[in-house]
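In the text below, chain A, chain B and the rest are named by the order of the sequence lines, each starting its count at 1.
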Amino acid sequence: MPAAPTIRVQAEDFDQQEEINALTAGKCDIGAVVSFTGLCRDEAGTLAALELEHYPGMAEAQMRRIADEACERWPLDGVTVVHRFGKIAPGDNIVLVVTASRHRQAAFDSAAFLMDFMKSKAPFWKREIRKDGSEGAWVDARDTDHDALERWQ
Amino acid sequence: MPAAPTIRVQAEDFDQQEEINALTAGKCDIGAVVSFTGLCRDEAGTLAALELEHYPGMAEAQMRRIADEACERWPLDGVTVVHRFGKIAPGDNIVLVVTASRHRQAAFDSAAFLMDFMKSKAPFWKREIRKDGSEGAWVDARDTDHDALERWQ
Amino acid sequence: MVKLVYFAWIRERIGKSEEEIELPDDVETIADLIGHLRTRGEEYALALQVPEVVHVAINQEHRQHSDPVSGAREIALFPPMTGG
Amino acid sequence: MVKLVYFAWIRERIGKSEEEIELPDDVETIADLIGHLRTRGEEYALALQVPEVVHVAINQEHRQHSDPVSGAREIALFPPMTGG
């Protein structure tokens, strides 16, 4: 049995090393740890920040359901999912997924699975805040995010 | 063009956070960072350490070839590969791969690719040192590691 | 009485983030609820113009438009999620 | 003269980690070299007993047994790699 998944929704930044250490400390049966960090991206140079809105309560519940599902599908020794909310500047962290397993493929696949589900099944919404002060658009859900889910069916 | 891959073979431990920061610092066009850490595993509780031997010069050259190949296959903004040698105790880090990209799937796939190639194409060999002082065996190459390569052909 | 909560541009268009309403007896499914809300004013009609993109959670669990609303204490309406 | 380097259990069985040797004229390929080394003593015969598991790099690049040894300054012999 894996330890219960660690699930957090927070305004503060996270530290990947700390989260990895928390999963592996004192254990000798973990062969592989995969971490995925999603960052705020701004290729055009016009973005001041993203404003991330979430549904408190349901966000955590949904992240926990997705993490539990991953633990049923793969032999995992630990899962951590952290998602930030509030204003996030370009280059800053948005989301972190860490998976630990005996086997590298299980760690890779479960981390990819978690991210695919976080993208379109966790109640977060992103809005752009532009540098010129104009009201930015809500970020659209991308069809590729929904396509990504289908490979797990 | 991605920055030149960072390749290191070293006895000392590494810090995942530092390596991730080095890839992303000051950049706003990276959407995804995947890190893979391979650890020394001892399920039976009989292992004192692994002794990792390597081929100096060729190890770095081969890691660089594999990293360059990953940069040709995926749109990467950064790649770091660090492999340790010497005595490594159960629970300690052996290998680190970090990939950064605009797209999460490219970051995941290239990290998995790098690890598959590190497993059977980088000149490292592992020998067990047993707790009871007996001479441990050289770790065998696993058929599954070779099978893992075939999906990239 | 049931608590309705709205997120993202649905919240913006309706102009509030939550409210409590009495559900009419003929509102049995989520689809019925969306139809009923659209009669409550222009802002609701605009927010819920395209029912296909309105996602609904009942008591914080994601539900289909054909699902019943009975037993709901909290019903959330929101556009497609863009987490991660 | 060419430098030979050995790793892991091939190094242990041969009993040294490197040496310099003169290649006979009839050693044209890596397969020839392995055959030649096996005549150099019991420890070589034991180390190179199963040629299929002997990997070879010439000047630090991985090569096939059918590849020529001409131009080699450093030839490495080692068992299957177990990195990562």
So for Ile20(B), is it side chain, backbone, both, or neither that comes closer than 4.5 Å to the heavy atoms of chain A?
side chain

To the closest 0.5 Å, what do you measure between CD (Gln16(A)) and OG (Ser35(B))?
7.5 Å

Give the member of Pro90(A), Ala112(A), Gly91(A), Gly38(A) that has the highest number of heavy-atom pairs under 4.5 Å with chain B.
Ala112(A)

Return the option, out of Lys119(B), Arg102(B), Met115(B), with the maximum number of heavy-atom pairs under 4.5 Å with chain A.
Arg102(B)

Going through the distances and angles, do Glu18(A) and Gln17(B) end up as a side chain to side chain contact (heavy atoms under 4.5 Å, CB included)?
CA-CA 9 Å; Glu18(A) 249 174 52; Gln17(B) 183 70 54; over 6 Å; no

Run the side chain to side chain contact (heavy atoms under 4.5 Å, CB included) test on Asp42(A) and Asp29(B) for me, step by step, so that the C-alpha distance in whole Å, both residues' side-chain angles and the decisive distance to 0.1 Å come before the verdict.
CA-CA 6 Å; Asp42(A) 175 35; Asp29(B) 54 354; over 6 Å; no

Counting only heavy atoms closer than 4.5 Å, note whether Ala148(B) contacts chain A via side chain, backbone, both or neither.
side chain

Identify the two heavy atoms, one from Leu39(B) and one from Ile30(A), that lie closest to each other, and give their separation to 0.1 Å.
CB-O, 3.4 Å

Please confirm whether Phe108(B) and Phe108(A) have ring centers closer than 6.0 angstrom.
no

Pick whichever of Ala111(A), Gly26(A), Gly45(A) has the most heavy-atom pairs under 4.5 Å with chain B.
Ala111(A)

Taking all non-hydrogen atoms of both residues, which atom of Asp116(B) and which atom of Arg104(A) are closest, and how far apart?
OD1-NH2, 2.8 Å

